[in-house]
Protein chains: 2
Amino acid sequence: MRTEERQIFGEYIKSEGLKETAPRNRILNAFLNSEDHVSAEDIYLLVNRGKRKVGFTTVYRTMKLISDCGLAREVMFDDGIARFEHTLGRKHHHHLICTRCRKVIEFTSKTMEDAEQALLKKNEFELQYHKYEIFGLCKACREQVGHK
Amino acid sequence: MRTEERQIFGEYIKSEGLKETAPRNRILNAFLNSEDHVSAEDIYLLVNRGKRKVGFTTVYRTMKLISDCGLAREVMFDDGIARFEHTLGRKHHHHLICTRCRKVIEFTSKTMEDAEQALLKKNEFELQYHKYEIFGLCKACREQVGHK
DNA sequence: AACGAAATTGAAAATCATTTTCAATATATA
DNA sequence: TATATATTGAAAATGATTTTCAATTTCGTT
């Protein structure tokens, strides 16, 4: 399973003159089996549920490789913790983030994309990357907090 | 000058049972005379150009007071450095950020706001705050880098 | 004008996510 | 299989920000 992702990672490793190792494979698997928006700590905990241990340092380093080869994108919300989301075969999106339960909803909007294009042209700005993050309360949390 | 801002700060200080001090006034002045998007370090340097010195700690603490009383908003781009922008009499906006020269252009867009409202309703999400940051190269940097 | 309770200051230490260092270990090519 | 090179992970370093705490300042009250 996840053959395509493994292959991409393997080829990247090879093309960079790096080596395939057990810790790297363990971390890649943990990431591939994770849901979106996992932090380095999340991966560290997932990977170390079993007998053999992997250090924090290796998790950070390997997540960088996984990002560099295009399987993940690092996103930084404003709690100062880097999180990783899957990118293979997914289209670019933005986030609705619940500040109470930390649930993340992804969204895209053609209208917004068009407005952004116009804005870039008007300001003669060359896009590198962008983030649109909307923080608030999700439906479930709104109900629990009593905001109807 | 900046009477209104000073008054707002003074009243906030009083209403919270805090005290007016020289360091606080010096920091407030530095912020009021600064352009937008200054970091704590920027303020620290501005405030300490003269004879009497103010510590880093006090700058951080006072910038928090200035934010709490509504004169500033703390914004966090993704370089991990908190910056402060003026809020009095300014309307909410988003940012185009040049990754080369760090120039910041503010923008607003009715189209995007409307799209956001629709999105919030559709996801039954209650907005707390949001950020739309577009990173890239400004016109000047594009030319210097040779991207026509 | 001085008193004293309460707030403030700032230097140094603590925090916290992440990165670097470096000696010991593992990989893969010849 | 040897050997050069990459990897690992514990511990120390980093860098922005926060906390601690003893010394100092403020301000309402004498």
Side-chain angles (χ1 to χ4, degrees), chain A residues 6 9-31 37-48 50-69 72-84 102, chain B residues 6 9-31 37-48 50-69 72-84 102:
Chain A
R6 285 226 183 63
F9 186 71
E11 278 166 15
Y12 178 75
I13 288 288
K14 209 155 289 174
S15 74
E16 294 288 305
L18 305 177
K19 291 170 178 171
E20 188 182 337
T21 67
R24 283 179 179 162
N25 286 330
R26 228 116 37 72
I27 292 164
L28 177 63
N29 285 336
F31 173 67
H37 310 110
V38 284
S39 62
E41 188 182 5
D42 292 336
I43 295 290
Y44 175 83
L45 293 173
L46 284 168
V47 149
N48 287 326
K51 193 74 176 296
R52 334 207 90 267
K53 303 297 179 188
V54 172
F56 247 106
T57 316
T58 304
V59 172
Y60 277 104
R61 284 188 287 223
T62 303
M63 288 314 298
K64 180 158 191 347
L65 295 177
I66 293 171
S67 301
D68 290 346
C69 76
R73 174 188 296 120
E74 187 183 319
V75 293
M76 178 67 83
F77 300 147
D78 44 7
D79 57 1
I81 298 172
R83 284 161 220 275
F84 299 89
R102 282 280 145 191
Chain B
R6 286 224 184 63
F9 187 70
E11 278 165 17
Y12 178 75
I13 288 288
K14 209 156 290 174
S15 75
E16 294 287 306
L18 306 177
K19 292 170 178 171
E20 189 182 336
T21 68
R24 280 179 181 163
N25 286 329
R26 226 112 43 69
I27 292 164
L28 178 62
N29 285 336
F31 174 66
H37 310 111
V38 285
S39 63
E41 188 182 5
D42 292 335
I43 295 289
Y44 175 83
L45 294 173
L46 285 168
V47 149
N48 287 327
K51 195 75 177 294
R52 337 207 87 266
K53 303 298 179 186
V54 172
F56 247 106
T57 316
T58 304
V59 172
Y60 277 105
R61 283 187 287 221
T62 304
M63 288 314 298
K64 181 160 192 342
L65 295 178
I66 293 171
S67 301
D68 289 347
C69 75
R73 175 188 296 120
E74 186 183 320
V75 293
M76 178 67 84
F77 301 146
D78 45 8
D79 56 2
I81 298 173
R83 283 160 220 276
F84 299 89
R102 282 281 145 193

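The chains referred to below are lettered A, B, ... by the order of the sequence lines, with proteins before strands, and numbering in each begins at 1.
- A straight line from OH of B:Y44 to P of D:dT17 spans 14 Å, rounded to a whole angstrom.
- One atom, CG of A:N48, and another, P of D:dT8, lie 13 Å apart when rounded to the nearest Å.
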Practice task
Report the C-alpha distance between B:F9 and B:L65 in whole Å, list the side-chain angles of each, state the deciding distance to 0.1 Å, and finish with yes or no for side-chain contact (heavy atoms from CB on, under 4.5 Å).
Solution key: CA-CA 8 Å; B:F9 187 70; B:L65 295 178; 4.0 Å; yes

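- The structure places CZ of B:R73 at 15.0 Å from CD1 of B:I66, a figure rounded to the nearest 0.5 Å.
- Taking a 4.0 Å limit (strictly below) on heavy-atom distances, residues 52-61 of chain A reaches DNA chain C at A:T57, A:Y60, A:R61.
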Handout entry: Steps toward side-chain contact (heavy atoms from CB on, under 4.5 Å) verdict (B:R24, B:L18)
Key = CA-CA 11 Å; B:R24 280 179 181 163; B:L18 306 177; 3.9 Å; yes

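- Rounded to an integer number of Å, the gap from CD1 of A:I27 to C1' of D:dT8 is 10 Å.
- The CD1-C1' distance, from B:I13 to C:dA6, rounds to 15 Å in whole Å.
- Side-chain proximity of A:A40 to the nucleotides D:dT17, C:dT8, C:dT18 is greatest for C:dT18.
- Among C:dA28, D:dT8, D:dC27, the nucleotide with an atom closest to any side-chain atom of A:K19 is C:dA28.
- For the pair B:R24 CZ and C:dG10 C1', the computed distance is 13 Å after rounding to whole Å.
- When each of B:M76 and B:P23 is assigned the nucleotide of DNA chain D with its nearest heavy atom, B:M76 is the one assigned upstream, toward the 5' end.
- Under the 3.5 Å distance criterion, with hydrogens and angles disregarded, a donor-acceptor pair is assigned to the side chains of B:N29 and B:R6.
- For B:L18, whose side chain is taken as the heavy atoms from C-beta onward, the closest listed nucleotide among C:dT18, D:dT17, C:dA7 is C:dA7.
- Whole-Å rounding puts the B:I81 CD1 to D:dT18 C1' distance at 17 Å.
- No engagement by B:E41 is indicated, since no non-hydrogen atom pair under 4.0 Å with the nucleic acid exists.
- For C:dT9, the OP1/OP2 oxygens have a side-chain nitrogen or oxygen of B:T21 closer than 4.0 Å.
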Problem - Pair B:R102-B:D79, side-chain contact (heavy atoms from CB on, under 4.5 Å): steps then yes or no - result: CA-CA 11 Å; B:R102 282 281 145 193; B:D79 56 2; 3.6 Å; yes

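- Taking the six-membered ring for Trp and thresholds of 30 and 60 degrees, B:H37 and B:F77 have ring planes inclined between 30 and 60 degrees apart.
- Atom CZ in B:F84 sits roughly 7 Å away from atom P in D:dT17 (whole-Å rounding).
- Considering all non-hydrogen atoms of both residues, A:F84 and A:A40 come closest at CE1-N, 4.3 Å.
- Put simply, CG on B:D79 is 16 Å from C1' on D:dT14, counting in whole angstrom units.
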